[in-house]
Structure formats: C-alpha cells, structure tokens
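Throughout, protein chains are lettered first and strands after them, A, B, ... in sequence-line order, and every chain is numbered starting at 1.
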Number of protein chains: 2
Amino acid sequence: MMARPLSSSPQKPRPTIQDVAKEAGVSTGTVSRVLNNRAGVKAQTRARVQAAIIHLNYQPDLAARELSFRQPTRIGLSIAAGSRRLTPFFTLFLEYLMGELQAEGFRFEEVQSDSQGLPTELTDGMVLFGAHDDDPRIHYLQEHNIPFVLVGHGEGIRWVVPDDYDGGRQAVEHLLRLGHRDIVHLSGLMNNQAFQDRYQGHLAALNNAGIKPHPELLLDGDFSSLGGYRAVRKALEDGLNFSAVFAASDEMAIGAIAALEDLGLRVPLDISVVGFDDLPEIGETLTTIRQDIEQITAVAVDLLKEGLSGKPIRHETVPVQLIVRGTTAKRR
Amino acid sequence: MMARPLSSSPQKPRPTIQDVAKEAGVSTGTVSRVLNNRAGVKAQTRARVQAAIIHLNYQPDLAARELSFRQPTRIGLSIAAGSRRLTPFFTLFLEYLMGELQAEGFRFEEVQSDSQGLPTELTDGMVLFGAHDDDPRIHYLQEHNIPFVLVGHGEGIRWVVPDDYDGGRQAVEHLLRLGHRDIVHLSGLMNNQAFQDRYQGHLAALNNAGIKPHPELLLDGDFSSLGGYRAVRKALEDGLNFSAVFAASDEMAIGAIAALEDLGLRVPLDISVVGFDDLPEIGETLTTIRQDIEQITAVAVDLLKEGLSGKPIRHETVPVQLIVRGTTAKRR
DNA sequence: CACCTTTTTGTAAGCGGTTACAAAACTTGA
DNA sequence: TCAAGTTTTGTAACCGCTTACAAAAAGGTG
C-alpha cells in the first residue's frame, strides 16, 4: 500500500472526428455528415462510420460544434421579483427547460432573480417567468431587440401557458358528473393569473350546469399544503356545507385531505378532492388536472427559436388533462 | 398599420476580438491578453483595449474560448432516486450550482433523475446529490475514472456537507441560554443523514448542559410545513409540556408556529421556535440556522476542479451560523 | 464504350478565441 | 552611443467541427 492518497489520472484525451475518420477509412467531412444525418452518404459507408464511432466511444466536442454552427446559443431565464419560485412546479419547470435547451444545443446562461430583473449579461434570447404585462423587462427586451418568450399571458409578444381555465372547468365538470353541487374552491389571494383562470373555469362549469356559485365556498389556501389544511379545517369547524373540494394546486389538495381526515371524514367516501398539477412525489395519488410541464417548456423553446430566426410572433396554450384517481367518488 | 405581424430582425452579428483589435489599434493577441488579465500589457494599451471593449459592447464567444482552452467542461448532476428534490433547498442548490459552474466556464450537462441514476451521457465530472455510501453510481464513476463530488458523507471520496451537527448544537445551545429546558425536536423519520446529524447536535447540546433528553419530545414533522403543523398541534392537544421547538427545517418551523398560534399561544412570548436553513421567501422572520447554500455549491465545484486536475481526494464541511430573529425569547 | 448526369467522397477554409514564438520597442550601464 | 537585457506587441498555428467546392466514383444512355 502506498501512503499517497488515491488520485485519478488527470487526463484522458477524447477521440476526435479525425480519429473516427481514420478508423473508418474515410474523411472527416464524411464523418461529420454521418454525425449530422445529412443525406448523400452511401449506406455502407454510413454503417462503417457508425461502427467506428461506437468502437471509439466518440462524443462530439460541443464547443467546436457550437463554434462551427455559429448560431445564437445563449439563453437566459429571468424570474419576476416576488414570484414564488421555491415551489415544486418551478423546480420541475427549471429542470425541463434546462433539458430542452440543452437538447437543442443552447446554452442556458443564468437564472436571474434580482429585484430589477433586467438582464445583466447579454443573451441571445430570454425566457420570462412570472412577468406582468407591463413588466419593465419586457420593454427592455423589446428595445434591445432580444427575442423572448413569456410563460404567462401577454399582448403582442410570444407566450405560452397551460390551459388553466379549461383545467378548472374539467375538474368541476368531473365533480358535477359525480353529483356534487357544493364544491369548495381552494386557492390563494387572486393576484396570480393562473389561479384566477382556474377559478374562472370553475365558475364556468357551474354556470353551464345552471348552478349559482356560493361566495363562501371560495377559500384562501395560500397556495401551500399548510394553507390548504388550515382553510379546510376552519371551514369544517365553522360548519360550512360541502361535499367536494377543488384545490387549485396538488399541495393544497394534500392539505385539504389531511384536514378532512384529521376531523374524521373519509376521502373520497365522504368528501371528494381534486387537485391541480399532477406533481411527482406529491400528487401521485390524487384525482387531479395534469399539466404537462415538459410540453410547456418544449413550446417555450420552440417559440424562442422562432424569435431567433425572426419568424412572426405567436402564442400557444398547452392543453391539460383530467386524471381520475382515488380521491373522487359519487356524492353520497 | 401593416397587416403583417411584428417580427424582430433575425440577425445582429456580435463583434469579435478582431473588431476590438482594430478599434483599439492593436493585435488580437493583445486583446486576448487583456481579456484574460495576463501580465505584460502596458497599462496604457490595456486601457485603450478596455475602452474599445466597452465601446463595442464586446462579449467573448464562449464556444470559441472553450475550444481554445481545451479543458474538460461537461459536468453532470445526478440525483439519487427517492431523494426529495422538489424542495426549496434543492431548487436553491440547483440554481447556485448552475451559477458556479457557469462562472467557472463549465457546461452544466444534465439533471439526471432516472431510477438507475447512472450517467447516460459521458460527462467529464459529476455532482452527486443524495447518494448513499454504497450507491451504484459511485462504483460506476470510480470504475470509469470520472471525478465526482458527493453532497453528503462518503468514505474515500470527495464530499461536501454543511455542518448539520454543529447547527443542531448551536440552535439548542441558543435555546438553553434563554432558559429553555423542554425542547421539542421536530424532524422526520430519520432516514436522512443530515437530519440525523441535526438531532445528534441537539442531543450533544443537552448532554453538555447535563440535561437528559426526553424521548417524547422528538416529533415527526415529515419535513414539511404541514407535517410540522400537525405534529405540534397534536402534541399540544395531547398536553405535551415544552417551552421551545427546534425544527430541523424552516418549513417545519413555519408549520409549528402556525399550530401554536392556532391554539392561542404566542411566539416567542409563550413558546420559542428555531428553524434550520434560512431559506428566502420562507424563513426570513425566523430565528434559524443559516446554511450557506452558495458556499456549499462553491466548495463542491472546487472539489470537482481538484478531481479534474488529479489532485488528492479531500472533503470539506461548510460552517453554519445561528441567526437570531424574532421567534425566540427568554423562557417565561 | 464514350459521354453526360448524378451520387458520393475528399479537401481545405473558416468559426473566434489562445498562446508559443518571434519581432519590435523600450531600458540600462559601461 | 551601443550592446545586452527586458518588456511589450504582433504573427500565425491550433483547438474540433462544419460545409462550400472540387474531385472521384457510380450510373445511364445511345
């Protein structure tokens, strides 16, 4: 045994396109064409090159590739001051966005969350999270002619949102089909467009069924599991009459269920609960409205690419989907 | 008004080092030296170049730079299956880690969270989050000679952790100084090293003060605000006797405070509460133990760089700090 | 089979930086 | 004032890949 501590060997030079070319007995140009799936390579040659690639365990150098392609590649993410970003939703959004940008060969430059929110580094494009319509960042980006996409609603800009309104409608229609009439809406103070839309969808479903909404069924769950718990518990203790809860987030739904069970009610036997988001680790047992966060980020990246290539401005609404699981049942 | 929708101009070529050189009347080599703060440039020349850089709003092309430096640059993050990653802590960790890696010129390759957890793409280095000592990923990385750093404890590998033990000790010593003797420890099922260490620190502080720990003061708060709320509320309703709560996370502390206040107790007049983490948006009013997440990520990146250059294996413990705010007071 | 087209492959010039080396410009001391 | 030494600057090769263009090979046709 040596006294010296273990240390890994410092360098192991990666194979380059040259090595692959030599191994396959072709030129670098041909290898490059194979790598990029370009037409005009004989099938036989292509196979030989691919074999060499696998044999050498070749991975193209991203920097060199990026340099050759010379396309804009720096994308920034800017988060509005005050938007709740320490949430499961945002974490997933961030992860998927990173993945999408990476897959498209972009460089995800920085998460900016300073109070100003204005880009400090120059980027080729921006994703805006949680911005208002007259956000100073929007003006800044427009002035500097930097393409961007807003996750949220906007006027005359590129944006993408999940269909919150439709989600609210679907959730409540599901409960109505099960015979429920007195449906609590558990949300937060309505300063957020998404939560407002979910509530509007809720109201629309009631309206379509000819049911008048009851104002005291709108509860403030503070967007958190704790808030959901306290709101529902208080409502029960105050004797509020309802047979179902539509929580505008999975977290609030979890809290609602805990409160119901703590007070001896069974879900879904006595009370049905619907959530919103379908978050992994959290809402996996809930009847809920699924937001496809991956798709939202994919659309965001698409829109951004359109902006980068000067295409016309466009926006998109990503559909949501009711997932029926074990927390809803026929009204007793 | 044109009917055609607005569209931004597709391209605006960035200035290159050549442009800067011409503008400043020097060669590209000199500009490069200025950019990288190399010695051997006359102060006057340096100033002229810097002026040109600012004037042209020049930003070096990262791809070109990376290609020239030819250093390993792809860093992956791997998250153990089953570790709770949709938490504020993890989100902040991710953001800081991205920032650090970026600042050091690395490329943050991917967030892996598949059940296997093994790297699917080749990376030059890895950050492991929430791995156990005999994690298959560790063996894999060692076999393939890929440098990595674990956020957590390990044997014979590079790792970094915050000083959880010391944090627990500091929190409880603070409460002891205020005269508290019956201190609830609010945590989760102890499957997590960090939470175990915090509890061990708690016990050590008691022990140093000659106080015997009381087993029923250890409460399961499920690592969440809701769990903290329910645990503390139940304890109060069961008549548990205590004058202070040490919650092993800010979220549980928030829950604990809500429960206390719902049952008519005042914080800190009647009961003192200490949290752990000092999370923005969440723990900002708490007396808490501050974890410097930014520093943790910075150390992780340092260790990784050492691994990349073949330096000996080393680990580091990042200190934590008691922040006294408004939720603790002398025992009445 | 000679000739023309089409397909496949090779060659070499970039992409935008860094840096080893050489050249030029200053210092210094006798 | 000039040679030798030192500092500053310029030149050009190179990093690994893409791609326009040219060359070679293959395929068709009368």
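- Rounded to an integer number of Å, the gap from A:Arg70 CZ to D:dC15 P is 19 Å.
- Between A:Asp19 atom CG and D:dG16 atom P the separation is 9 Å, expressed in whole Å.
- In this structure the side chain of B:Leu128 never reaches within 4.5 angstrom of the side chain of B:Asp135, judged on heavy atoms.
- The nearest whole Å value for the distance from the CZ atom in A:Arg48 to the P atom in C:dT8 is 14 Å.
- For B:Arg65, a side-chain nitrogen or oxygen approaches OP1 or OP2 of C:dT18 to under 4.0 Å.
- Backbone-only contact: A:Thr30 has heavy atoms under 4.0 Å from sugar-phosphate atoms and none from a base.
- When distances are taken from the side chain of A:Thr28 to each of D:dG10, D:dC17, C:dA12, the shortest belongs to C:dA12.
- Spacing between atom CG of B:Asn36 and atom P of C:dA20 amounts to 12 Å, rounded to whole angstrom units.
- One interatomic measurement links the two molecules: CZ of B:Arg14 to P of C:dC15, which rounds to 16 Å at whole-angstrom precision.
- When each of B:Thr16, B:Thr45, B:Ile17 is tested with B:Val31 by the rule side-chain contact (heavy atoms from CB on, under 4.5 Å), just one qualifies, namely B:Ile17.
- In the set C:dT18, C:dG16, C:dT9, the nucleotide with an atom closest to the side chain of A:Arg33 is C:dT9.
- Per the geometry, CD belonging to B:Gln18 stands 12 Å off P belonging to C:dG14, to the nearest Å.
- Distance alone, capped at 3.5 Å, places no donor-acceptor pair between the A:Arg48 side chain and the A:Arg46 backbone.
- End-to-end axis angle for the helix from C:dC1-D:dG30 to C:dA30-D:dT1, using five pairs per end and rounding to 10°, comes out at 40°.
- Note: CD (B:Gln71) to C1' (D:dC15) measures 12 Å, nearest angstrom.
- Nearest-nucleotide positions on DNA chain D place B:Ser27 closer to the 5' end than the other of A:Leu67 and B:Ser27.
- Remark: the A:Ser68 side chain and the D:dG16 base include a donor-acceptor N/O pair separated by less than 3.5 Å.
- No contact: B:Val31 has no heavy atom under 4.0 Å from any strand.
- Nearest nucleotide to the B:Lys42 side chain, out of C:dG14, C:dG16, D:dT9: D:dT9.
- Side-chain atoms of A:Val26 lie closest to C:dG10 of the nucleotides D:dT18, C:dG10, D:dT8.
- Residue B:Ile17 contributes atom CD1, which lies 18 Å from atom P of D:dC15 at whole-angstrom precision.
- Looking at B:Ser78 and B:Arg137, their side chains do bring a donor and an acceptor atom within 3.5 Å of each other.
- For the OP1/OP2 pair of D:dT9 and a distance below 4.0 Å, the side-chain nitrogens and oxygens of B:Thr45 include at least one atom meeting the criterion.
- Under the 4.5 Å side-chain criterion, counting only non-hydrogen atoms from C-beta, B:Phe148 is in contact with B:Ile138.
- At a threshold of 4.0 angstrom between heavy atoms, the contacts of A:Arg38 are confined to the sugar-phosphate backbone, with no base atom among them.
- Using a 4.5 Å cut-off on side-chain heavy atoms (C-beta onward), A:Ile75 and A:Leu304 make contact.
- For A:Lys305 and A:Glu100, the salt-bridge test fails: no basic side-chain N is under 4.0 Å from an acidic carboxylate O.
- The side-chain contact (heavy atoms from CB on, under 4.5 Å) test with B:Leu92 is passed by exactly one of B:Ile293, B:Ile296, B:Leu97: B:Ile293.
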